[in-house]
Amino acid sequence: MNQDPYKVLGVSKSATQDEIKNAYRKLAKQYHPDLNPGNTKAEKKFKEVSEAYGLIGTPENREKFDRGEFEQPEAQQTGKRQGPFYYQTQQGGGRYTNSFDDFGEDIFESIFRGAGAEELHLRGDDHFYQMEIDFKDAVLGAKREITLMNGKKLLVTIPPGIETGKKLRFTGAGEPGAGGAPAGDVYVDVRVKPSPIFRRFGNDLEMELPVSLTEAILGGEVEIPTVDQPVILKIPPGVNTGTRLRVKEKGGADHAHKTRGNLIVILKVVLPSSVDPELKETIRKWSQTHSYDPRSNKR
Amino acid sequence: MTAKKLYKIEKIAEVFGVETSIIIQCVRQEWIVPANKETEEFDQEDIARLSLICELRKEFGVNDESVPIILHLLDQIHYLHQKIRKMKE
């Protein structure tokens, strides 16, 4: 044995023989393998404690040990153990353990069978997922298949108009219940990928469209993107920054009314990046006979 | 399955250094049930159980009232272990 028996028993070197006996008893009670069936750590500790007691349990042995002469622990065992521990005889299913089946079945049936036992009628756990949805799918709605943690595939119907933070719920797709109880649900926390072009306001979408000076004054046709295919937008002459043009039914789908909102195009008049002398001269001439005050409260 | 070896009460008393009267007391109180009730012969399980009972009383100061309580609890633990083992299969 490598350890100091005094340490193992938790007593001081000057402990009385009674103190040593009580310390041993206390630890033996705690770690006895029959009182901890199947616990190998307990059994190991019990053997250590028994060996320690063997070395200093009696005055004679203790004297020998303190003098530094002691025999190998095997020869010092005070345990007059004959044969196996009781728990070892029961490990393969002993007679005493098996006899429990006579009436034991009633006692433990509620734990193991759950038949009619309320305690084990447990609804399954809910599972939580997060899902990122494309802007287009969120606007128009879509059907997407996702694979859950348990391998199950779930067909998710994304309702049009869904926003970040909303949760989709799928009853019964979660953890199966115990004892016939219903399965838990799956909650999908939705995050909508923002679009660099469109903003959503209710069922309508809004976008900003830069237009040239020429287009704003003379009108024109511009191809603009939508959530589905691009369309040609007619720009009437005489528009200004902030003018809102409406493209019918290019907004978000309205699930309830089976209609679709509009795409609102907000114009932004953009001057050329560099003003050439010709333009400058034209404007100078024009402003001599025309003036207007952009800062008056025209609205 | 090999036939289990059975021992007579006197043999056990001799090997264990336990009085036969004590063994008989254990049987009467139903702390031990001999493998063969008619011939009052004991198997390895009985011996190990008897050994445990003696240890409980001598080493751990367990009184006669408490012995069957402890044995009953241990029996349940072993039964549960077995059930769990079977469930894992």
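Below, each value reflects all heavy atoms present in this structure, side chains not excepted, and no hydrogens, waters or symmetry copies. Residue numbers start from 1 in every chain, and the chains themselves are labelled A, B, ... in the order their sequence lines are given, proteins ahead of strands.
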Trace of the side-chain hydrogen bond (donor to acceptor under 3.5 Å, both in side chains) decision for B:E55 with A:H32: CA-CA 10 Å; B:E55 201 164 356; A:H32 194 285; 3.1 Å; yes
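- Counting only distance, with no hydrogens or angles, the side chain of B:R49 and the backbone of A:T89 share no donor-acceptor pair below 3.5 Å.
- Every residue two or more places apart in sequence or in another chain was checked for a salt bridge (Lys or Arg N to Asp or Glu O under 4.0 Å) with A:D125, and none qualifies.
- Closest non-hydrogen pair, B:V33 versus A:R95, comes out as O-NH1, 2.8 Å.
- Residues A:D34 and B:L74 share a closest heavy-atom pair of O-CD2, 3.1 Å.
- Within the 4.5 angstrom heavy-atom criterion, atoms from both the backbone and the side chain of B:H78 approach chain A.
- Heavy atoms of B:L71 lying under 4.5 Å from chain A are absent altogether.
- Taking CG from B:L56 and NZ from A:K29, the interatomic distance works out to 10.0 Å, rounded to the nearest 0.5 Å.
- Atoms CD and CZ, on B:E59 and A:R25 in that order, are 5.0 Å from each other to the nearest 0.5 Å.
- In this structure, A:E145 places its CD atom where more than 12 heavy-atom neighbours from other residues, nucleotides or ligands lie under 6.0 Å away.
- Evaluation of the ring-ring contact (aromatic ring centres under 6.0 Å, His included) test over residues 21-40 of chain B, restricted to residues two or more places apart or in two chains, returns none.
- In the displayed structure, A:E132 atom CD is contacted under 6.0 Å by more than 12 heavy atoms of other residues, nucleotides or ligands.
- In this structure, A:Y96 has its ring center at least 6.0 angstrom away from the ring center of B:H72.
- Here B:D46 is the residue among B:D46, B:V62, B:L50 with the most heavy-atom pairs under 4.5 Å with chain A.
- Residues B:F60 and A:L35 have side chains in contact (heavy-atom distance under 4.5 Å, counting atoms from C-beta outward).
- Nearest heavy atom pair, residue B:A48 against residue A:P84, reads CB-O, 3.9 Å.
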